[in-house]
Protein chains: 2
Amino acid sequence: MTATHKGRSLDRQMNTKSKAYEEVLGEIRKFISKNELSSGDKLPSERELADQLNASRSSVREALRALELLGLIETRRGEGTFLKVYRPYHTVGLLSAFILQDPNVKKDIILTKNIIEKEATKIASSQLKQEDMQKLLSILENNELDEKQRHYNFFMVIFQHTENNLMQRIWQLMEDFSYTMEEIGYNKQFYIDLIEILNTNQQESIEYLFEKLSR
Amino acid sequence: MTATHKGRSLDRQMNTKSKAYEEVLGEIRKFISKNELSSGDKLPSERELADQLNASRSSVREALRALELLGLIETRRGEGTFLKVYRPYHTVGLLSAFILQDPNVKKDIILTKNIIEKEATKIASSQLKQEDMQKLLSILENNELDEKQRHYNFFMVIFQHTENNLMQRIWQLMEDFSYTMEEIGYNKQFYIDLIEILNTNQQESIEYLFEKLSR
DNA sequence: ATAGTTGAGTGGTCAGACCAATTTTTAGCG
DNA sequence: CGCTAAAAATTGGTCTGACCACTCAACTAT
């Protein structure tokens, strides 16, 4: 009875029965790395992808829509699909509406974010120049920024001097999640102290300053 | 009822010309909050949603797939779609996979992983009991483990005492990625020293021990 | 009462058809 | 030859309808 059996070409085992759109996701990732695409570059069209990956256009679209919602790609009707600079703020609103208030997750995010900020500051401390300090000060003095924006901009400057993109991305993501929840600590004095420490190059005090936040 | 005019029922303004799947996303969110659904609860079927939201099943699926990729829902063929406990870990993993295309992220991974291991150790240090120390020792003495496995098992014990799932998840992810690249540092003496430090409760030395690795 | 069958419901995937916006090509004119 | 305007091709956006594979509950025959 032949059992036609046409499903995905490669379900090497039963255990890896991934869905079509997940495989498409993986293939797109491979394609990006193989061709060394970066933000702004164009991806093949949906029809082309479907053809090359041996999947239907619907499946390809499911993968692309998911990527779009995550903010990794941008699609322009009539033009195509493009890689995007990852900017988190977009997805948050939607996400937070779905997220149930799990206090454990909240605590993890705050703690981990705090650690990453501390380490980033330690790394960046030797790289910050006088103009960077000026930039940090002007962020503090800019009264048009609310607390969240101030924090984000402040540490954005710092992360840019860590030369560690991965850490910055992880941080941005957590910043994103914590955007909707009331942050703890981080009063204005914290930033002032931090700038002072950076100015006088007392790197050992960074640890101490951040430690105070956790309590 | 007029019935003609079939485009999206509500494009409140021209400026908010959202796509169908985005509106579906919003409608699903409303549905969830209106019916006070929480994790484990079942969503209407795809066909039902398509019908109620006046959209095609394709559009509904694009929205659902995006939610699934975000880790907000879970689908079981033959059963239905269910709300899931939200875990940011999933998203972190997903994003990282796309971020790691950059060739010089290798360095970033090693550095970041190192930082996380250090901080996790500091956090866990006060939680580790005598039996845990015994476990760590036995991992070191198990000659059936290769370097990678030893490292993984060793820190897995430590991360289990941090009570920070997010951090552990991030670490595991980076472990995965670094699996194919030759690791630096981490000779056997490192673990021995670390155990000694933990035994004698010299938490200040943790920082120093890890610092040596980076050079 | 039990075991086996059947059928309805659900997600997974696909093919094909239009529409709408944009780009590229072509045709036409000066 | 050069420019502009129309036509064609390309691309994303949406919808319809069709199967398949899987799950579960109702039904049936033993």
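Keep in mind the model is a prediction, meaning the values are calculated, not measured. Convention: sequence-line order gives letters A, B, ...; per-chain numbering from 1.
- In this structure, the CD atom of E74(B) is 11 Å from the P atom of dG12(C), given to the nearest Å.
- Of the residues E68(A), R61(A), R65(A), the one that meets the side-chain hydrogen bond (donor to acceptor under 3.5 Å, both in side chains) test with Y21(B) is E68(A).
- Here the rule is side-chain contact (heavy atoms from CB on, under 4.5 Å) with M167(B), and of I116(A), L111(A), D108(A), I115(A) only I115(A) fits it.
- Taking side-chain N and O atoms only, S58(B) has no distance below 4.0 Å to OP1 or OP2 of dG13(D).
- The side chain of E79(B) lies closest to dT23(D), out of dT23(D), dC14(C), dG12(D).
- A straight line from NZ of K19(B) to P of dC15(D) spans 14 Å, rounded to a whole angstrom.
- Residue E23(B) contributes atom CD, which lies 10 Å from atom P of dC15(D) at whole-angstrom precision.
- You'll find that the side chain of E48(A) is closest to dT11(D), out of dT11(D), dT14(D), dG11(C).
- When each of dC15(D), dA21(C), dG12(C) is scored by its nearest atom to the side-chain atoms of S56(B), the top-ranked nucleotide is dC15(D).
- Straight-line distance from the CZ atom of F82(A) to the C1' atom of dT22(C): 10 Å, rounded to whole Å.
- Between the CD atom of E46(A) and the C1' atom of dC14(C) there is a distance of 15 Å, given to the nearest Å.
- With sequence neighbours left out, Q130(A) forms a side chain to side chain contact (heavy atoms under 4.5 Å, CB included) with M133(A), N199(A).
- Among the heavy atoms of the strands lying under 4.0 Å from R76(B) are primed sugar atoms or P, OP1, OP2 only; no base atom is included.
- Between K19(B) and E62(B) no salt bridge is recorded (no basic side-chain N to carboxylate O distance below 4.0 Å).
- Judged by distance alone with a 3.5 Å cut-off, a donor-acceptor contact links the side chain of R57(A) to the base of dG13(D).
- When the side-chain nitrogen and oxygen atoms of R65(B) are compared with OP1 and OP2 of dG12(C), one or more of them lie within a distance under 4.0 Å.
- For the pair T81(A) and dT11(D), the criterion of a side-chain N or O lying under 4.0 Å from OP1 or OP2 is not met.
- Distances shorter than 4.0 Å separate some side-chain N or O of R61(A) from OP1 or OP2 on dG13(D).
- Listed nucleotides dG12(D), dG11(C), dG12(C) differ in distance to S45(B); the shortest reach to its side chain belongs to dG11(C).
- For R47(A), counting side-chain heavy atoms from C-beta on, the closest listed nucleotide (dG13(D), dT14(D), dG12(C)) is dG13(D).
- Using a 4.0 Å cut-off, no side-chain N or O of S59(A) falls inside it from OP1 or OP2 of dG12(C).
- A salt bridge links R57(A) to E46(A): at least one charged side-chain nitrogen sits closer than 4.0 Å to a carboxylate oxygen.
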